[in-house]
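We name chains A, B, ... by the order of the sequence lines, and we start the count at 1 in each one. Given the structure is predicted, the values throughout are model-derived calculations rather than measurements.
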Amino acid sequence: MELNAKYNPSEVEDKWYSYWLEHRCFHSEPDERGAYTIVIPPPNVTGILHMGHVLNNTIQDVLIRHARMKGLNACWVPGTDHASIATEAKVVARLASKGIRKRDLTREQFLQYAWEWKEEHGGIILEQLKKLGSSCDWDRTAFTMDEKRSESVTKVFVDLYNKGLIYRGLRMVNWDPKAQTVLSTEEVVYRDEKSKLYHLRYYVADSDVNPVKPTGEEGEVLHTDEQGRYYAVVATTRPETIMGDTAMCINPKDPKNRWLSGHKVTVPLVGRVIPVIEDRYVDIEFGTGCLKVTPAHDVNDYALGKTHNLETIDIFNPDGTLSEAAGLYVGMDRMDVRKQIAADLESASLLEKVEDYDNKVGYSERNQDTAVEPRLCRQWFLKMQHFADIALPPVLEGKIKFHPSKYVTTYRNWLENIQDWCISRQLWWGHRIPAWFLPVAEGEEERFVVALNAEEALAKARQIKGYENIGAEELVRDEDALDTWFSSWLWPVSLFDGINNPGNKEISYYYPTNDLVTGPDIIFFWVARMIMAGEEYMGDVPFRNVYFTGIVRDKLGRKMSKQLGNSPDPLGLIAKYGADAVRMGMLLCSSAGNDVLYDDSQVEQGRNFCGKIWNSWRLVSGWSVDENARPGETAVQAVKWFDNLLSKTIQTVEEHYSKFRISDALMAVYKLFWDDYCSWYLEMVKPAYGQPIDGETYNATVNFFEKLLKLIHPVMPFITEEIWQNIRHREEGASIMFELSPAAGEWDDIYLKSFDLAREVVIGVRGIRAQKQISPKESLSLFLDGELDAQLYPVISKLANISKVERGTASGASASFIVDTLKCSVPLEGFIDTSEEKAKLQAELEYQRKFLASVRAKLGNANFTAHAPAAVVDLERKKEADALARIEAVESALKAL
RNA sequence: GGGAGCUUAGCUCAGCUGGUUUAGAGCAUCUGCCUUACAAGCAGAGGGUCAGGGGUCCGAAUCCCUUAGCUCCCACCA
């Protein structure tokens, strides 16, 4: 069959992916084989493929395909995540562009829009994964909000509530004013920011009834204005919150501010008189040592407020504008108020100074342009101590292995300082919390029931004293949804319906899954919580290994981002270079846990490798075969050698896989194919131009090729399938992916070593040709003095174009070189510049003498010979002997000149 | 403030339990080649005081201490 001169990836890739789908090659059902399972980290349903996905999914596909070729029942389960905050934000934005406001819609109307959005965008990323060659079992495609997954979430919520692990609490939580929902502590990311520290005057308010009495002690700092009125100076980064101030706090041990003790001060502009309280919490060294206390809008201030019984004034609306309670700037955005109030304080002479200040500001992880606002809210929480207790041992004991292992420490630190998880979100897109509130009298504590559905809720409510006759319409279901991660943490269980249907055939077969491939950024959000849910609901770990990928950066080391425009479009790359090339390019520089500095040149390398594979097959497939011919001596050695080397390399590759060193495995195969098979083996067996090859060698060559394709297949599924199908006729539905990966046989290290020696000789002769500008077409003769398996002479002859290999040393003008202890010389009448050759040999002699000296120094050290193991000493002795032999060889070569 | 990690060739990284010559790979570079599979290729070559300093040891890129620089994570200092 005639092959195209150039490999055309897009045509080949589309063809085989359709074929694989058509024959349901990726589908898995429980059977008698061992299971190998990966659950995909579900990408956001509205997301599109970026380079991080490419890396992550390439690794998963390599692991899956590798396992499949080990004869395991490989099952890679795909799916998407509803990503409540991100998706709801997108839906809200789209509605806004149509002039529709969320608050004008009912929940049902909004959800209808959201589902429409999901239907439109939900499949995109999965289709993109197909372009990459991902061998997911698409029949199993799941969605965190599909029926089974939703039912699982509700069941788990009810169960955990019944176990007393879920509670409602009034807490200071992180509020996202843009999404208008609370966030968990993990969802807040802190960023360094250049901000200002405003120094504000808080005048002493009660000096007429309680005159200021300076203590006169050392370090006291008094502030008075032109009229002699006393004031305190408060340093704050958030002047817009002064309307919520209900106290000023000093440290009782602070000599600077002791004089303020027992006084009252006036909040600037606001005019409210607040007490000066004392608490050791205040850092004497920071700012002026005076802290404004705003219990409604700061976590620490809230704690102070509790201790000191302070009033709490919430001055913000949910959208971050100032509320009626603020009294001033009502309706303005908090950020605008900050600027305005600074100006107003300035003109009222209440602003002492403004300093530059670096601080950290919390932002929503999903919405990084709006600062998070601490806010006092009643929310649903999950008690985490229990989960930390069950999730820590499997990782510490190695039942789950992290790659790289450094993340075990990160994991442990988090679990050992675990905080309760705020699981409710003020969103509609998500799993609605299965709690129904009962009517209560004004001012009474809230009452609710938690149930699987409304009927059950009603039944439960009617069991409560005083509610025996309650009507269904009087129960009000909680409006809030659950945190997205409250569904993802069940993923490895819920995908096999293990929550709804415990002990079913699938969950028993596929769980625990084998490997998880994900980024370290979601170790808390997801990895840790899956371990918790797995232990809680299955009594076993959800996976055995976690492979943490790094972040894909550009070659300057910058994170890829839309703003920088440094992120290539993966589909564009696939179209340009082919999916195989992109996969290989991503893997080349990615060891577990290390960031990947992406550069197109890596993908080019992948593309070039495809070209190499393609062209080598063009060569082999183009040979005519003479079944009656006998293999030549070179071919016999070539086959023997490559057979040995293949076994050895397979062993190495498998070791790399077992340690998740995928880029090393790839590199080993890459070199085996390109350097050993193409550059050496094929050159050795290649028949003379126009001549046929003997049948035996041809078959061996094709068998090697086939084995190599199988080794490459996990990384480059398309081109390997294309050629494998091309090698001979395959049955419809057959695929290289179902072939068993070649197993390592025995190999003879001594033979491999002597072959390497022969290779070195060839390289030496080629080096002489390069130096002397002797064409490869011009044949030379070669003298060898030393140990070398004579069977390998023909190999040298063929590859170095040597007409005759003889024992001994060339007489007359010649160029020589030493390989190990083998002295090689090439007679070069007419080519040789004797003085140049002498200088070269002198340099070699010098080098060898220095080396000998260093070895002898070691051997002369009595401490060394006495303490070092015998094997090490023997090795040094051998080095000494070898060096002596080489020196002798160089000397005799010099003499010969 | 606490913790983890990194620093090896121009770039990206291996180097595992300290010992296989005087430290490897890929890419890039340089020199020759349009050799009839492949110039996206072939052949050959150059390139490193293993961040600096100290220590342990017969022996250190590897173990320990220390200095410097970088990265990441955690933590409520206004």
Side-chain angles (χ1 to χ4, degrees), chain A residues 3 5-7 172 190 197 234-238 249 281-283 285-288 290-294 298-303 357 359-360 362 374 404 406-410 413-414 417 520-521 523-524 551 555 557 577 588-591 593-597 599 601-602 604-605 607-623 655 659 661 663-664 667-668 670-671 678-679 682-683 686 689-690 763 766-771 773 775-777 820 847-848 850-852 854-855 858 861-869 871-873 875-876 878-880 882-883 886:
Chain A
L3 293 176
K6 286 244 189 295
Y7 177 61
M172 195 57 116
Y190 290 90
L197 195 58
V234 170
T236 180
T237 52
R238 302 202 56 194
C249 191
Y281 163 75
V282 177
D283 181 350
E285 301 306 317
F286 188 90
T288 58
C290 295
L291 173 75
K292 69 192 260 323
V293 185
T294 322
D298 185 278
V299 182
N300 302 303
D301 291 12
Y302 178 65
Y357 184 66
N359 69 340
K360 285 190 192 294
K406 65 176 175 181
Y407 290 112
V408 171
T409 316
T410 311
N413 287 344
W414 186 70
N417 299 289
D521 51 329
I523 188 167
F524 308 139
I551 297 164
K555 67 173 175 181
Y577 297 103
L588 275 173
C589 271
S590 60
S591 46
N594 281 352
D595 286 356
V596 175
L597 270 63
D599 186 52
S601 70
Q602 291 152 223
E604 282 170 19
Q605 202 182 335
R607 175 203 56 191
N608 295 353
F609 191 40
C610 285
K612 191 70 185 177
I613 297 170
W614 186 251
N615 281 311
S616 55
W617 178 242
R618 281 178 61 216
L619 173 70
V620 173
S621 63
W623 287 335
E655 270 170 35
K659 291 171 185 163
R661 297 207 287 238
S663 58
D664 290 327
M667 192 48 70
Y670 174 78
K671 282 158 83 169
C678 293
S679 297
L682 289 181
E683 292 301 326
K686 199 182 204 174
Y689 183 65
I763 289 168
R766 285 174 179 169
I768 287 171
R769 286 182 189 279
Q771 274 166 38
Q773 311 246 356
S775 158
K777 286 176 182 160
D820 199 40
Y847 176 91
Q848 294 299 342
K850 266 193 191 162
F851 175 63
L852 179 67
S854 80
V855 173
K858 216 174 197 182
N861 182 345
N863 271 329
F864 172 70
T865 43
H867 290 97
V872 174
V873 177
L875 190 70
E876 290 302 312
K878 180 174 185 302
K879 285 185 199 170
E880 185 189 27
D882 288 357
R886 264 173 278 150

Apply ring-ring contact (aromatic ring centres under 6.0 Å, His included) to A:Trp617 and list each qualifying residue two or more places apart in sequence or on a separate chain.
A:Phe705
Restricting to side chain to side chain contact (heavy atoms under 4.5 Å, CB included), what partner residues turn up for A:Tyr281, sequence neighbours left out?
A:Asp279, A:Leu291, A:Asn300, A:Leu304
Touch check for A:Glu683, heavy atoms < 4.0 angstrom, all strands: base, sugar-phosphate only, or nothing?
base
Heavy-atom contacts, protein to nucleotides 12-19 of chain B, under 4.0 Å, summarised as B (base), S (sugar-phosphate only) or - (none) per nt, yield SSSSB--B
ring-ring contact (aromatic ring centres under 6.0 Å, His included) partners of A:Tyr577, counting only residues at least two apart
none
Base, sugar-phosphate alone, or nothing: which one does A:Ser679 contact when heavy atoms must sit under 4.0 Å apart?
sugar-phosphate
Contact class for A:Ile763 (heavy atom, under 4.0 Å): base, sugar-phosphate, or nothing?
sugar-phosphate
Sugar-phosphate, base or nothing in reach of A:Lys878, heavy atoms under 4.0 Å:
nothing
Looking at every strand, decide which applies to A:Gln605 at a 4.0 Å heavy-atom threshold: base, sugar-phosphate, or nothing.
sugar-phosphate
Not counting sequence neighbours, which residues clear salt bridge (Lys or Arg N to Asp or Glu O under 4.0 Å) with A:Asp820? List them please.
none
Pair assignment for RNA chain B - dot-bracket with | for other-strand partners, Watson-Crick or G-U under 3.5 Å:
(((((((..((((.....[....)))).(((((.......))))).....(((((..]....))))))))))))....
Quick one: which protein N/O atoms are closer than 3.5 Å to N/O atoms of nucleotides 74-78 of chain B? Pair and distance per line, please.
residue: B:C76; atom: O2'; partner: A:Asn300; partner atom: ND2; Å: 3.0
residue: B:C76; atom: N1; partner: A:Asn300; partner atom: OD1; Å: 3.2
residue: B:C76; atom: O2; partner: A:Asn300; partner atom: OD1; Å: 2.3
residue: B:C76; atom: O2; partner: A:Asn300; partner atom: ND2; Å: 3.1
residue: B:C76; atom: N3; partner: A:Asn300; partner atom: OD1; Å: 3.4
residue: B:C77; atom: O2; partner: A:Asp283; partner atom: OD2; Å: 3.3
residue: B:C77; atom: N3; partner: A:Asp283; partner atom: OD2; Å: 2.6
residue: B:A78; atom: OP2; partner: A:Tyr357; partner atom: OH; Å: 2.7
residue: B:A78; atom: N6; partner: A:Asp283; partner atom: O; Å: 2.7
residue: B:A78; atom: N6; partner: A:Phe286; partner atom: O; Å: 3.1
residue: B:A78; atom: N1; partner: A:Asp283; partner atom: N; Å: 3.2

Counterpart residues, side chain to side chain donor-acceptor pair (under 3.5 Å), relative to A:Asn861 (two or more places apart)
none
Run the ring-ring contact (aromatic ring centres under 6.0 Å, His included) test against A:Tyr357 and tell me which residues pass, sequence neighbours left out.
A:Phe286
With sequence neighbours excluded, residues passing side chain to side chain donor-acceptor pair (under 3.5 Å) with A:Asn615
A:Arg618
Applying ring-ring contact (aromatic ring centres under 6.0 Å, His included) to A:Phe609 and not counting sequence neighbours gives A:Tyr670, A:Phe673
For A:Asn359, side chain to side chain donor-acceptor pair (under 3.5 Å) partners two or more places apart:
A:Ser195
